[in-house]
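See structure below.
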Amino acid sequence: MTAAVGDSQTILQTFLPTPQGAAIKFSCGSKFGVVFSLSTHLLTMSKVLVSDPIDQAGIDILSQVAQVDVKTGLPQEELIRIMPDYDALMIRSGTQVTKEIIEAGKQLKIIGRAGVGVDNVDVPAATRQGIVVVNSPEGNTIAAAEHALAMMLSLSRYIPDANASVTSGNWDRKSFMGVEVYKKTLGIVGLGKIGSHVATVARAMGMKLLAYDPFISNDRAEQLGCRLVDLDLLFREADFITLHIPKTPETANMINAETLAKMKPTVRIINCARGGIIDEAALAEAIASGKIGGAALDVFSKEPLGESPLLHLGKAAVLTPHLGASTAEAQVNVSIDVAEQIRDVLLGLPARSAVNIPGLYPDAIEKLRPYLRLAETLGNMVGQLAGGRIESLNIRMEGDLASVDSKPLVVAALKGLLYPALRERVNYVNAGIEAKERGIRVIETRDAAIRDYAGSLHLEAKGSLGDHSVTGALLGNDEIRITAVNEFPVNVPPTQNMLFTLHRDMPGIIGKIGSLLGSFNVNIASMQVGRKIVRGDAVMVLSLDDPLPEGILAEITKVQGIRDAYTVTL
Ligand SMILES: NC(=O)c1ccc[n+]([C@@H]2O[C@H](COP(=O)([O-])OP(=O)(O)OC[C@H]3O[C@@H](n4cnc5c(N)ncnc54)[C@H](O)[C@@H]3O)[C@@H](O)[C@H]2O)c1
Ligand SMILES: O=C(O)[C@H](O)COP(=O)(O)O
């Protein structure tokens, strides 16, 4: 990287390797309103592996900034073997991105899922490695909703079997007497993006709508014409049940022998969400024995399905091979959506749909960008001052910052705190998890009444070697100012090489430190003393033009009146 990009330096440092090579101009995403100078080295070095069939539109986007290799259907061992070469991996649901693949991805910065579900990605393992995982939360919503509706109608009119009958030369009208959906009750489990669109269309078809979604308000359900009910009532009253929920420990096997027993004998179940939400053996048994009417399934606990009792249910089961997102439109949408995010992350910009960066959405970043830099700098400083093992980090949001979403600031502070220990291995993705694993307790407090600056941050680290704090704020031009160290007021910009002393405020001490540094050929750029009372305790902050040579700290602490001395390198 040859030039910092506006204020996005913090984010750039998060993901980008140290650049080399000649600079060329490169323009990207106007939504971020920035122009980058990227090194040719970086451009030629970025490599993206596309391991599932992805629409060309996304590949074209990626090809502008990276070498794109499309290698679909690779076995796990081969993926593990080639992963070390790649900066980004783009997938659909076909590739199982296991911990082993992720760990093999030594250069990997981003995994892009061209679709919604990331259940084929070991997200915790990616987070642990600092790899951002993105998806396309909306690109295939309509496709999946329309597939669910098509499945409902196919099942109620036996279209697949009727078609098979005609194409094999029969004209059998008796066997395919169907039912209407008009005035029937549809139970929608999960009233999110897809469930909402299903509700809208089903309502227009004259269906009565029940919905179960513990995270949706009554107002939203009413807006969609749905009556929010509990799951039990939905199971008992619905003529059709359609699932639009993620597979989680709570939803796994939600439809099982016990819940099937509560349903109407004519009920038809549609699952275009995820395999594993239905106990397939129990479902097949319920259909075969006439306990329920039938099922239309697009997703299965094991894909490809292979041998299954579901294959032997005749016209009472309609099965498709995970086609919910398979429309031309959806594939273009998800491919572009995810390719743009991969491109952005490779360029050091934030991703708009990262599933594992807490609270770091582009809007939030845009507003907080200068404060993220402040938080990271203060975290880095207080970590170095505290030294040793950090037990807790107290982050106080002051003034205007007391009312902002603090998550990004906390992540930035932790990234700074851990940087001296982890260097490039810590980033916005894994800072939280790295801190947790080190047992660092994070305490957030807010004080809107502190108004020395519009907004300031106060970080206090308690560690095995002592407790230290730094406070900082931004000037009008977003320049960082350290405004207190260990509660002593100062007003200094952070610089690359700094020396802090805790000492007794007494004549001659500043001179002695100056001469000592001079004798080691260290030039002082600026110096400031902060004290609360005359001749009491004080702090001295020096910005140095050169790094402190080995051994000088020990000499400084020998000076009479100096209690402690610390170096900070930013
Ligand atoms: N078949 C396909 O090809 C295909 C395509 C796209 C999406 N999907 C799947 O469809 C599902 C829904 O996708 P979406 O985009 O609508 O997601 P979404 O996040 O917009 O909606 C999911 C809804 O489920 C609700 N929910 C979560 N846990 C619940 C629970 N225990 N009980 C009831 N409701 C619960 C949430 O509150 C949310 O409103 C996902 O599993 C997704 O992977 C499948
Ligand atoms: O979660 C999703 O987006 C769907 O399951 C689609 O999966 P696919 O991209 O493999 O079609």
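Counting starts at 1 for both ligands and their atoms, in listed order. One-based numbering along the sequence shown.
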Fill in: Residue A144 vicinity, atoms of ligand 1 by number, heavy atom under 4.0 Å
5 (C), 6 (C)
Worksheet item: Of all the atoms in ligand 1, which lie at a distance below 4.0 Å from a heavy atom belonging to P214?
Response: 32 (N), 33 (C), 34 (N)
Practice prompt. Could you tell me whether S93 approaches ligand 2 through its side chain, its backbone, both or neither, with non-hydrogen atoms closer than 4.0 Å?
Written response: both
Worksheet item: Does N140 approach ligand 2 within less than 4.0 angstrom via side chain, backbone, both or neither, non-hydrogen atoms only?
Response: side chain
Practice prompt. Please indicate whether any nitrogen or oxygen in I194 is less than 3.5 Å from any nitrogen or oxygen in ligand 1.
Written response: yes
Worksheet item: Would one find an N or O of T248, backbone or side chain, under 3.5 Å from an N or O of ligand 1?
Response: no
Fill in: ligand 2 atoms in contact with G115 (distance to a heavy atom under 4.0 Å)
3 (O)
Worksheet item: Can you list the atoms of ligand 2 that are under 4.0 Å from a heavy atom of A114?
Response: 9 (O)
Worksheet item: Out of curiosity, is S136 lining ligand 2, as in a heavy atom under 4.0 Å away?
Response: no
Practice prompt. Could you tell me whether ligand 2 has any atom less than 4.0 Å away from a heavy atom of Q331?
Written response: no
Discussion item. Looking at ligand 1, is there an atom of it that comes within less than 4.0 Å of some heavy atom belonging to L191?
Written reply: yes
Practice prompt. Would you mind checking which non-hydrogen protein atom is closest to atom 19 (O) of ligand 1, with the distance to 0.1 Å?
Written response: K193 NZ, 3.8 Å
Worksheet entry | Proximity to ligand 1 by part of H322, non-hydrogen separation under 4.0 Å | side chain
Worksheet item: Could K71 and E78 be called an ion pair, given the rule that one side-chain N must be under 4.0 Å from one carboxylate O?
Response: no
Worksheet item: Looking at K183, K208, K264, which hits salt bridge (charged side-chain N to carboxylate O under 4.0 Å, His left out) with D239?
Response: K264
